[in-house]
Amino acid sequence: MKVVIIGGGAGGMPTASNIRKIDKDIEITVITRDNYIAYSPCAIPYVLSNTIESFDDIVMKTPEDYKEKDIEVLTNSEVTDVDNDKKELTYTSEGEVKTMKYDKLVLATGGNSFIPPIPGADLDGVFKIRNINDGKKVKEWIKNCKNVVVTGAGLIGIEIAYAFKELGLNVTLNEMLPQIVPRSLDPDMAEIVTEYLKGEGLNIVLGKPITEIKGDGKVESVVVDSTDENPADMVILATGVRPELNLAEMIGCDIGRWAILVNDKMETSVKDVYAVGDCVESYDAILESNTISQLGTTAVRQAKTCAQTITGKKSKFNPVLNSMVTKVGKLEFGAVGLTTNFAQQNNIKTVSEKIEAFTRARYYPNAKPMDIKVICDADGKIIGCQIIAEERVAERIDTMTLAITEGLDCFDLSNMEFAYAPPVSMVTDPLVLAVDEVSKKFN
C-alpha cells in the first residue's frame, strides 16, 4: 500500500511518523511546498526576539532524517491536480511536472494567512508570518526599523508584538475588535493582559481597524479608523488563517461552513481520502457542532488518529475544547472551553465567577497573584475556564480541560482532591476556590 500525504506541517509529518510506527512496510511519501519540515510555527516569535538563537534551532527533523525511516519527503514541491478515480496526482518539483500513484491520500494542506483588503497591503515592509521563510524575511527587514505595527491581537499577534518590544522597537498592537484574544478571553480577563502589555511598553489600539497602509514603494505609515495616521517602518498582518481547500474541492470532498468535513476517524466524504490539521473542521465538545481548531496540538492528535485509521487500527478523534496557553514576558495566560460571550451567542445561559488567589501559599516567598474565571451553564456544569498568572497556568488549564471533558460540574470539582505543598500551591487549590464561588450562585 502507498500513502501520499500533501503537506509537511503539524498534521502531515506526524501522520507519516505514526503510520511508520505502526507499519514498517507501507510506502509513505510526503509532498510539501515548504523547504522546511517538522518545525513549530509557534516558536517563530521567540526567534524574532532572540530568545531562541536561530531558526535552525526550531527545526526538529530534516528530509534526510525521515529517509532513514523509509519516509520520502519531497520539499519545494506542489500538487496541482488530483484524480482520485485513477488514484493519481500531478505535482511540480524543480521545474518539472510529474505524476504519482497512491492508494490512500491524506490532505494536510493547512491554511493560508488571511490578508485583509487594506489599501497598501502589498507594499514592501508588510509581512505575514506563517512559516520560517516569512520569519527570516521579517528578521532581515527589522534591522532597519524603528516603528512597527502589528494588526491582529490574537495569540500570534501578541507574541510577535512583544518580541519586537524586546528588541527595543516602538511597537503598536492594533485590534479592530474592542479586546485582545476575543476567542479565548472574556473582556474582564482580557483587560488584565492588556494592562500588563501596556505596562511593558506596548502601544495598544483596540476597536479601531487599520484602513490604509501608506508608502512610496515601501511602508511609511498606517491610517487607523480612517483618521489617525502613524509612522510605521514595518507592518505585520496577524489577521488569522483561512483553510486551504483547493485540492479538497477538486477531489470532491464535502466542505462545511469553514473547512473540510471529516468523521472521527479523519475520513473525508471521498473514499481513501483523509484530512488533518488546519484544513478540517472539528467537533466542539460543548456546543456539539462543528468548529475550527487551528492548533498544533489538535493537528498532532488528528494525525495520530488518521494513521491508526489508515493502518486498520481502532481509532477515534475526540471532540475539541480548544485549550490554549501562552507566555508573554513574565505573564502566562490560558483558557479552555467557551467564553461567557461566546456561550451566550450560542444561547447558553451562563453562571460565572472570577476570583483572585495565589500560585503558592501566600506566606511562601515569591507567591504570585493568580486570576481565575470559571464559567458554568445553568445547571452548574463547567463549560469554560480562563487563568492569568506569572506561573503554573498550563497545568491548571489541563486540569480544567479534563474536568470539562468528563462533564464535571462545579460541585464535583469543589470536592476533588488536589496535591499541596507551600512552594507550589495554596492548601486549597485556586481552582477549588473558584468553583466554590460559582457554587454559591446555585441553590
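Basis for what follows: all heavy atoms, side chains included, without hydrogens, waters or symmetry-related copies.
Thr359 pairs with exactly one of Arg392, Lys368, Glu391 by the side-chain hydrogen bond (donor to acceptor under 3.5 Å, both in side chains) rule, that one being Glu391. Test Val273, Leu261, Thr309 against Glu267 for side chain to side chain contact (heavy atoms under 4.5 Å, CB included) and you get one pass: Thr309. Considering Lys136, Lys137, Lys143 in turn, Lys143 is the only one that fulfils the side-chain hydrogen bond (donor to acceptor under 3.5 Å, both in side chains) rule with Glu140.
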Derivation and outcome, salt bridge (charged side-chain N to carboxylate O under 4.0 Å, His left out), residues Lys87 and Asp103: CA-CA 6 Å; Lys87 295 289 193 297; Asp103 297 301; over 6 Å; no

Trace of the salt bridge (charged side-chain N to carboxylate O under 4.0 Å, His left out) decision for Lys24 with Asp70: CA-CA 8 Å; Lys24 304 300 181 185; Asp70 200 22; over 6 Å; no

Test log, rule side chain to side chain contact (heavy atoms under 4.5 Å, CB included), inputs Leu74 and Tyr91: CA-CA 10 Å; Leu74 304 178; Tyr91 68 100; 3.8 Å; yes

CA sep, side-chain torsions, deciding dist, call: Asn84, Asp272, side-chain hydrogen bond (donor to acceptor under 3.5 Å, both in side chains): CA-CA 8 Å; Asn84 196 57; Asp272 295 326; 6.0 Å; no

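Every pair passing salt bridge (Lys or Arg N to Asp or Glu O under 4.0 Å) that includes a residue from residues 185-210 is listed here, sequence neighbours excluded: Lys165-Glu200, Asp186-Lys373, Asp188-Lys373, Glu195-Lys198. Judged as a ring-ring contact (aromatic ring centres under 6.0 Å, His included), the pairs with a partner in residues 136-188 (not counting sequence neighbours) are, in order, Phe127-Trp141.
In this structure, Lys104 forms no cation-pi arrangement with Tyr274, as its terminal cationic atom is not both closer than 6.0 Å to the ring centre and no more than 45° off the ring axis.
Side-chain contact check for Ile132 versus Asp34: every heavy-atom pair is 4.5 Å or farther apart. In this structure, Tyr66 and Ser17 have side chains that are in contact, with non-hydrogen atoms separated by less than 4.5 Å.
With 3.5 Å as the limit, one finds a donor-acceptor pair spanning the side chains of Asn170 and Asn147. Residues Tyr283 and Asn263 have side chains that never bring a donor and an acceptor to within less than 3.5 angstrom of each other. For the 3.5 Å distance criterion, the side chains of Ser282 and Ser293 fail to qualify, holding no donor opposite an acceptor. A donor-acceptor contact closer than 3.5 angstrom links the side chains of Thr62 and Asp65. Defined by atom type and a distance below 3.5 Å, a donor-acceptor pair is present between the side-chain atoms of Glu72 and Thr29. Side-chain contact annotation: Asp233 with Asn144, donor-acceptor N/O pair under 3.5 Å absent.
Lys314 NZ: 12 or fewer foreign heavy atoms inside a 6.0 Å radius.
Across Val280 and Ile292, no two heavy atoms sit closer than the pair O-CD1, 4.0 Å.
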Distance-only donor-acceptor hits, side chain of residues 234-244, under 3.5 Å, sequence neighbours excluded:
| residue | atom | partner | partner atom | Å |
| --- | --- | --- | --- | --- |
| Thr239 | OG1 | Phe114 | O | 2.6 |
| Glu244 | OE1 | Arg33 | NH2 | 2.7 |
| Glu244 | OE1 | Asn112 | ND2 | 3.2 |
| Glu244 | OE2 | Arg33 | NH1 | 3.3 |
| Glu244 | OE2 | Arg33 | NH2 | 3.3 |

